[in-house]
2 protein chains.
Amino acid sequence: MSKQVTIKQIAQYAGVSEATVSRVLNQPELVSKQTIQKVKDGMDELQYRPSALAQSMRNHTTKTIGVVISNVLNPFFTTLVRGIEDAATKRGYSVIVCNTDENPDKEQRYINMLVDHQADGIILASTGNHANYHSMVNDMPLVFIDRMPQGKDANLYDTVLVDNEKGSFNAVDALIKQGATRVNAIVSPVATTGTERLNGFRKALTAHDFPIREQDIALDDYLGQHTAELALNLIQTNQCDALFCGNNVILMNVLKVLKEWQIGDMKLAVFDDQPWFDFVQYPIISVDQPAYLIGTKAFITLMDRLANPDRPVTHDIVRTKLVIR
Amino acid sequence: MSKQVTIKQIAQYAGVSEATVSRVLNQPELVSKQTIQKVKDGMDELQYRPSALAQSMRNHTTKTIGVVISNVLNPFFTTLVRGIEDAATKRGYSVIVCNTDENPDKEQRYINMLVDHQADGIILASTGNHANYHSMVNDMPLVFIDRMPQGKDANLYDTVLVDNEKGSFNAVDALIKQGATRVNAIVSPVATTGTERLNGFRKALTAHDFPIREQDIALDDYLGQHTAELALNLIQTNQCDALFCGNNVILMNVLKVLKEWQIGDMKLAVFDDQPWFDFVQYPIISVDQPAYLIGTKAFITLMDRLANPDRPVTHDIVRTKLVIR
DNA sequence: CTTGTATATGAAATCGATTTCATAAAGGCG
DNA sequence: CGCCTTTATGAAATCGATTTCATATACAAG
């Protein structure tokens, strides 16, 4: 690196103290017009840019937040992250994105890293296996998204979630109204979302006086390794005519199976909507989550918390929209 | 925030100087066994974590890199970013992702921000409108990905690119071999990729003794606003039976038009492959770019440059793979 | 002409680490 | 026992900003 231009050099150039240069940037009303001009000339001339590092050091704020999710490759999270980044940029914040792959150890390490970097806050889709967030983050503000926080001090934190149960209920309900006679489900057991979506599934069956058979439900580990066999098993042994998929990754894997086995007749529903669902030969019913909105809301919640650390905890639940094709 | 635990408190706890505590972390071989033990006890007891900020300040390295792309929502870039993040994490680096939306001003602002934060380097898919990168980044290492850097000192930088021309050639060639008689193209004029892909398109036509008609080519601004009309225009006025799309976003918009106008017969090829192409009713020919690999390569290139600032510039070109459906 | 009040500026402390330089204690050797 | 080399440690400077406190000047009021 070529040597950085510091406040010292500007001070020298303008023949004033470093304090005065700093004031030109932060409290110009305390500085005389001529001095301001001299200092600004120096800044232009030497192309001065204040070191964000040094400022953070002094001010105890980094204007940086962390976003901890399972995987940016999942388009739901991608959109969410984009929502956060846009909101953050507008307010002068930078975003560090961390992929946990649903691995609690990775999550732990990333959180530590963010604490070390003194992020101003963290937006977190937690794998949910941590007993005590507070001791991990040492009073750093946390906003939980997508998944309900678990553990003893979970209720201390702001959340932005969706109504998984209702969304799933509507999707399964729509499947049945379209004539499905036996609906099976594949959901992820990770975090709280899987359970809640399964609840919606069960309630929809019950509402239509369908029996709930445990063998009609498969739990997938979200990483997509075994989805194919699970799906195939449901389809072949249960002879189901409709499948409810707990997320878009699962649906993708189900589609692979259907294609490979040339199963043309299957009603499909899935939690989370993607644009390309429009182009698939099956008329996919989907629960559209406002991922981008969740991102912006989470960021705003975080900012509010930062501005007012003692205000009461908020729990935001955003609406889903049923998409019928 | 509750007050942070600093090196000072550890020093106090262990009854040694701050220098010694620092040495326990960085050069333990200079410290006696007993002292190490005392200091480590203190660290455990007080849950000490060194401030990354203070370290960066002293060491002039932040262990942070910037990634500047047009949009994470584009799955090509998502995958690329994931490749970078995985490689970075392994080496203890954090990643700040910046979305330019192909807006040179935004790109400029983000680069400034990264310079202010003293990122150790930047991986950049540039919109290409900057004359002088060097003066912008002040000797910070830069690795260009996806797009060729433009401007006078463009040749000073490492690049990791794909062979756009060859990939496009193969795709269009395959379309024609599948029986296409009039192939049209929609590409993005942004950056160098559009031009190169168009060159491949032209060469493939020529190779098959097809005439090159300028009205068969549409330039789309990548933001997808006008793709629909452009596509419709090509299809209706030119009566083409095959379309080459310059990227996955364009293809998505073309599919929308085809669906809306119920055009069932159209051969399609696209630069960049996505998993869901398998499930679309049209047998999409695609050019599979190793996005994840580009990401890891770019990061490694950046690390190499950091380790050895004076080594000669490298230009890496990764292979694409034709996917025929 | 003295006293008091703005106005403008600088010296020095601070944020939390690392590193250089100096020094004290301990051990080796003649 | 005295001299020299290791070994272990601390004091202080440094990284690049901000902020407090003190001070110097200018000007108004008495």
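All chains are named by letter (A, B, ...) in the order of the sequence lines, taking the proteins before the strands, and each is independently numbered beginning at 1.
- Defined by atom type and a distance below 3.5 Å, a donor-acceptor pair is present between the side-chain atoms of A/Ser22 and A/Asn26.
- When atom types are taken as modelled, the side chain of A/Asp158 and the backbone of A/Val143 share no donor-acceptor pair closer than 3.5 angstrom.
- Residues B/Ser56 and B/Gln118 bring no donor and acceptor atom of their side chains to less than 3.5 Å of each other.
- Side-chain atoms of A/Gln150 and A/Thr192 include no donor-acceptor pair closer than 3.5 Å.
- Of the inter-residue distances, the one linking B/Thr79 atom OG1 with B/Gln289 atom CD reads 10.0 Å to the nearest 0.5 angstrom.
- Between B/Lys38 and A/Val21, it is B/Lys38 whose nearest contact on DNA chain D lies nearer the 5' terminus.
- Between the side chains of A/Asn103 and A/Glu107, no donor-acceptor pair of N or O atoms lies under 3.5 Å.
- With 3.5 Å as the limit, one finds no donor-acceptor pair spanning the side chains of A/Asn99 and A/Tyr110.
- Counting 5' to 3', DNA chain D first comes under 4.0 angstrom of a heavy atom of chain B and last does so at the ends given by D/dA8 to D/dG16.
- Defined by atom type and a distance below 3.5 Å, a donor-acceptor pair is present between the side-chain atoms of B/Arg82 and A/Asn71.
- Among the protein residues, A/Ser22 comes within range of the nucleic acid bases, having at least one heavy atom under 4.0 Å from a base atom.
- Direction of the helix axis in the helix from C/dC1-D/dG30 to C/dG30-D/dC1 shifts by 60° between the two five-pair termini, rounded to 10°.
- Backbone-only contact: B/Val16 has heavy atoms under 4.0 Å from sugar-phosphate atoms and none from a base.
- Nucleotides of DNA chain C nearest to A/Gly15 and B/Ile7 differ in position, and the one nearer the 5' end is that of A/Gly15.
- As judged by a 4.0 angstrom heavy-atom cut-off over every strand, B/Thr35 is placed among residues touching the sugar-phosphate backbone only.
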